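A quick note: this is a predicted structure, and the numbers were derived from the prediction, not measured. Residue indices begin at 1 and follow the sequence shown.
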Amino acid sequence: MISKLFETIKIGKLTIPNRFVVPPMVTNYCEENGMATNQLEDYFVERAKGGWGLIITANFAVTPKGRGWKYNGGIWHDEHIAPLKKMVDHVHKYDSKIALQLYHAGRETTYDILGDVPEAPSPIKDPTMPDIPRELTIEEIEDLIQKFGDAALRGKKAGFDACEVHCAHGYLIDTFLSPFSNKRTDKYGGTIWNRTRFVREVIKNIKDKAGKDYPVICRISSHELVSGGLTIEDTKVISRILEASGVDAIHASFGVFKSGSSIAAPVFERHGSMTDYAAEIKKVVNIPVIAVGRINDPFIADSIIASDKADLVAMGRGSLADPELPNKAKEQSYDDIIRCIGCRQGCSARLFVNKPIGCTLNPRTGNEKEYTISKASTKKLVYVIGGGIAGMETAIVSAKRGHDVHLYEKSNQLGGQWLLAAVPPNKEELNAFTVWAKYQLDKLKVNIHKNTAMTKEKLLIDKPDVVVIATGAKERLPREYKQSNKYFSSTDILSGKKIPGEKVAVVGSGSVAAETANHLAAHNHNVTLLIRRDALLDDYESAVREFLLKDLELNGATLLTNTIVDTFNDQELIVLSNEEKINLGHYDSIVYAIGYDSVIEMNELEKQDIDVRIIGDAKKVRNGYFAIREGYETGLSI
């Protein structure tokens, strides 16, 4: 069924073995001086092993003043070549081709990172950044053109098969291309032809130094998704100019930092949401076009190519979740593929606090050497208590290591709180991980005991070598919950066990409250969300928060901040909002979503000389990133 993805394709004179692309993603795996590390090498080699046809590194700065991240890759000095060559040589042991992305952050960086004022075509502050950039002079522009060419030559010396020039996302070249940021009236501004002059001269310099046959890809923002920014009609023209300038492929991304929530969109965005832009560009050029944007499944990727929307498909977070995705697709092992769920917890959320990226579903991302699963020297009897995501992950890894694993779940289904998290609108994709985990447990012949509550007495009789307590958390509820049938919990609602009245107040400030409210509003309830704090989801991942707030508005939910319940009865709901009593009138029901508390059962077993491990929410209530990671690490440690 999947066929297009496995066809070869040429970018210039370079043959790519298939259409799977790992796009550039900032990893924070380099040193502060820009030097590549063994961690970066292991990360790319793992994806080469996994069968990706083209791998593109992210954001290698052509000058120290072009850094946008603390642990940015660098290619401004010959000393950068050696570790990159070692990395490329290892990637080339497999069939993958690898390209070096050349970039300059422009105004999308800070004085704190550079120790200097950022540079840009015009002294216009980026809406998301604190500093007003300094306008580049003609002489400085000409110097930067040389730096791009020198960097490309270094990349070629390191063995890279191609280079990608970063002309997207509001970085320096994009700010020259875009009227959103370029206000110049010299030869580098004013008209679309002049605004392309900088990149045209960069491409010429690269071809002059690295060779006219050295493949050059340009990553562009096909639509900047901001008022006054580039639109698809602009970038169709720009793409034709780039092709005429010698570019060998167009990588059709989108957005700038102001619209950054769409660049690596969360689960709320539809699959392949921006591929129509790639299709428009493909209509006007004769060079290959790479599509990107919320593509996490090989079936979707293959359909994009079959629809003639693009020639190659980039699956960035898909490659984080499962570096073996292409090989598994080729083997038709579709049930073994770990599909990205668009949570952004392990990747973007960590990146923007200067931490190395990871993946919620794949703890090996960034830890490829350290987290290798190998057979244990001694086979052990392992009891895992709790069938949520932490417990399932422990059981999977432990079974792969050769242990005799028994998983006990007191309910009739596996998945725990993760099942409820998948119920609200746009969250159903979380079920893909539950389905994957259950398939692995079955394939590994893990002993599953549903509807079975573990007891201390049984453990003392059976004497397992290791007991893993992954009993998760239970919802925190106020006293009044049990006093009237007008009160509900988020669990009642999301599990489908109870249905509230038509007019509902949801109490809570976190993600569960917001998603429960959204679920009810989407199902035609009249919903008011009562938020104790100044803002809803104020500690939530920014892009997910943005999309969820938009969805709440779309579904007609009302949000009241700094608000708590004062009085609720059959006639009225009175709230205390900003220290003022307000009568909201009649409400049928109140739904509470005010948090969770850890469920720790049988922790006294430690006194019985039993090896006990407590993980996931049973250890501390957090998100899925920590639950799955602790499950994986626990399985490795047994």
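Here the side chains of Asp234 and Glu224 are not in contact, with every heavy-atom distance at 4.5 Å or above. Between Arg67 and Thr109, every side-chain heavy-atom pair lies at or beyond the 4.5 Å cut-off. Residues His169 and Val256 are not in side-chain contact: their nearest non-hydrogen atoms beyond the backbone lie 4.5 Å or more apart. Here the side chains of Met274 and Ser222 are not in contact, with every heavy-atom distance at 4.5 Å or above. A heavy-atom distance below 4.5 Å is not found between the side chains of Phe44 and Glu368. You'll find the side chain of His80 stays beyond 4.5 Å of the side chain of Phe60, heavy atoms only. Residues Leu84 and Met87 form a side-chain contact, since some pair of their non-hydrogen atoms from C-beta on lies under 4.5 Å apart. Taking 4.5 Å as the limit, some side-chain heavy atom of His251 sits within range of a side-chain heavy atom of Ile56.
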Inset, instruction - Please assess Lys49 against Lys93 for the test side chain to side chain contact (heavy atoms under 4.5 Å, CB included), listing each intermediate value before the final yes or no. - result: CA-CA 9 Å; Lys49 287 180 184 177; Lys93 291 180 180 179; over 6 Å; no
Inset, instruction - In sequence, state the C-alpha distance, the side-chain angles, and the governing distance for Gln345 and Arg622, and then conclude on side chain to side chain contact (heavy atoms under 4.5 Å, CB included). - result: CA-CA 11 Å; Gln345 291 173 356; Arg622 289 152 298 165; over 6 Å; no
Legend entry - side chain to side chain contact (heavy atoms under 4.5 Å, CB included) between Tyr94 and Trp52, intermediate numbers included: CA-CA 10 Å; Tyr94 305 92; Trp52 296 85; over 6 Å; no
Inset, instruction - Decide yes or no on side chain to side chain contact (heavy atoms under 4.5 Å, CB included) for Ile287 and Leu242, but give the supporting numbers first. - result: CA-CA 10 Å; Ile287 53 178; Leu242 292 174; over 6 Å; no
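More than 12 heavy-atom neighbours from other residues, nucleotides or ligands sit within 6.0 angstrom of CZ on Arg184. Summarising the local packing, CD1 of Ile132 is surrounded by 12 or fewer heavy atoms from other residues, nucleotides or ligands at distances under 6.0 Å. By the 6.0 Å contact criterion, CD on Glu142 is enclosed, its count of non-hydrogen atoms from other residues, nucleotides or ligands being greater than 12. Residue Asp143 places its CG atom among more than 12 non-hydrogen atoms of other residues, nucleotides or ligands, all under 6.0 Å distant. For Lys355, the NZ atom is loosely surrounded, since the number of other residues' heavy atoms within 6.0 Å does not exceed 12. Under a cut-off of 6.0 angstrom, the local environment of NZ in Lys85 is sparse, with at most 12 non-hydrogen atoms contributed by other residues, nucleotides or ligands.
The ring of Tyr277 has its center no closer than 6.0 angstrom to the ring center of Phe254.
The two residues Gly510 and Leu536 have their closest heavy-atom pair at O-CD1, 4.1 Å. Heavy-atom minimum distance, Asp551 versus Pro425: OD2-CB, 4.1 Å. Contact record, Glu429 with Cys340: OE2-O, 3.9 Å, taken as the closest heavy-atom pair. Nearest heavy-atom pair across Ser245 and Arg200 is OG-CG, 3.3 Å. Taking every heavy atom of both residues into account, Glu541 and Ser348 meet most closely at OE2-CB, 4.3 Å. Of all heavy-atom pairs spanning Val247 and Val216, the tightest one is CG1-O, 3.5 Å.
The closest donor-acceptor contact from the side chain of Arg350 to the backbone of Pro356 lies under 3.5 Å. Judged purely by atom type and a 3.5 angstrom limit, Asn367 uses its side chain to pair as donor or acceptor with the backbone of Pro363. Of the possible donor and acceptor atoms, one in the side chain of Glu108 sits under 3.5 Å from a partner among the backbone N and O of Phe257. The closest donor-acceptor contact from the side chain of Arg107 to the backbone of Ile124 lies under 3.5 Å. In this structure a side-chain-to-backbone donor-acceptor pair under 3.5 Å is missing from Thr27 to Ile357. Judged by distance alone, with hydrogens and angles left aside, the side-chain atoms of Asn72 form a donor-acceptor pair with the main-chain N or O of Trp69 at under 3.5 Å. At least one donor-acceptor pair closer than 3.5 Å links the side chain of Gln39 to the backbone N or O of Gly366. For the pair Asp42 (side chain) and Lys369 (backbone), a donor-acceptor distance under 3.5 Å is absent. Using modelled atom types, no side-chain atom of Arg533 and backbone atom of Thr561 make a donor-acceptor pair closer than 3.5 Å. Between the side chain of Asp161 and the main chain of Ala99, no donor-acceptor pair closer than 3.5 Å is present.
Each of Leu312, Leu5, Val313 was scored for a side-chain contact (heavy atoms from CB on, under 4.5 Å) with Ile304, with one residue passing: Val313. The only member of Leu144, Thr196, Leu102, Val199 that meets side-chain contact (heavy atoms from CB on, under 4.5 Å) when paired with Ile173 is Val199.
By the 30° and 60° cut-offs, the orientation of the rings of Phe176 relative to Phe198 is tilted. Ring geometry, Phe547 versus Phe268: the interplanar angle falls under 30°, so the pair is classed parallel (tilted spans 30 to 60°).
A salt bridge links Asp150 to Lys209: one of the charged nitrogens lies within less than 4.0 Å of a carboxylate oxygen. Ion pairing between a basic and an acidic side chain is recognised when a charged N comes within 4.0 Å of a carboxylate O; Asp322 and Arg339 show no such pairing. Remark: Glu135 does not engage Lys183 in a salt bridge, criterion side-chain N to carboxylate O under 4.0 Å. Salt bridge present: Glu233 and Lys236 bring a charged side-chain N and a carboxylate O closer than 4.0 Å. A salt bridge is absent between Arg294 and Glu269: the closest approach of a Lys/Arg side-chain nitrogen to an acidic carboxylate oxygen does not fall below 4.0 angstrom. By the 4.0 Å N-to-carboxylate-O rule, Glu140 lies close enough to Arg134 to be salt-bridged with it. By the 4.0 Å N-to-carboxylate-O rule, Glu280 lies close enough to Lys283 to be salt-bridged with it. Using a 4.0 Å cut-off between charged side-chain N and carboxylate O, Asp186 and Arg197 make no salt bridge.
Remark: Arg154 is not positioned above the aromatic ring of Trp76, lacking an NZ or CZ atom under 6.0 angstrom from the ring centre and at most 45 degrees off the axis.
Atom CD1 of residue Ile203 and atom SG of residue Cys167 lie 6.5 Å apart, to the nearest 0.5 angstrom. Distance CG/Asn518 to CG/Leu552: 4.5 Å, rounded to 0.5 Å. With rounding to the nearest 0.5 Å, the separation of CD1 in Ile55 from CD in Gln101 is 14.0 Å. Once rounded to the nearest 0.5 Å, the distance linking CZ of Arg195 with CG of Leu177 reads 7.5 Å. Separation of atoms CZ (Arg629) and CG (Asn362) is listed at 8.5 Å; rounding is to 0.5 Å. Here the CD1 atom belonging to Ile338 is positioned 9.5 Å from the CG atom belonging to Leu325, to the nearest 0.5 angstrom.
Side-chain atoms of His104 and Thr63 form no donor-acceptor pair, as typed in the model, at a separation below 3.5 Å. A donor-acceptor contact closer than 3.5 angstrom links the side chains of Lys86 and Asn38. A side-chain donor from one of His90 and Glu41 sits under 3.5 Å from a side-chain acceptor of the other. The closest side-chain donor-acceptor pair between Glu79 and Asn33, if any, does not fall under 3.5 angstrom.
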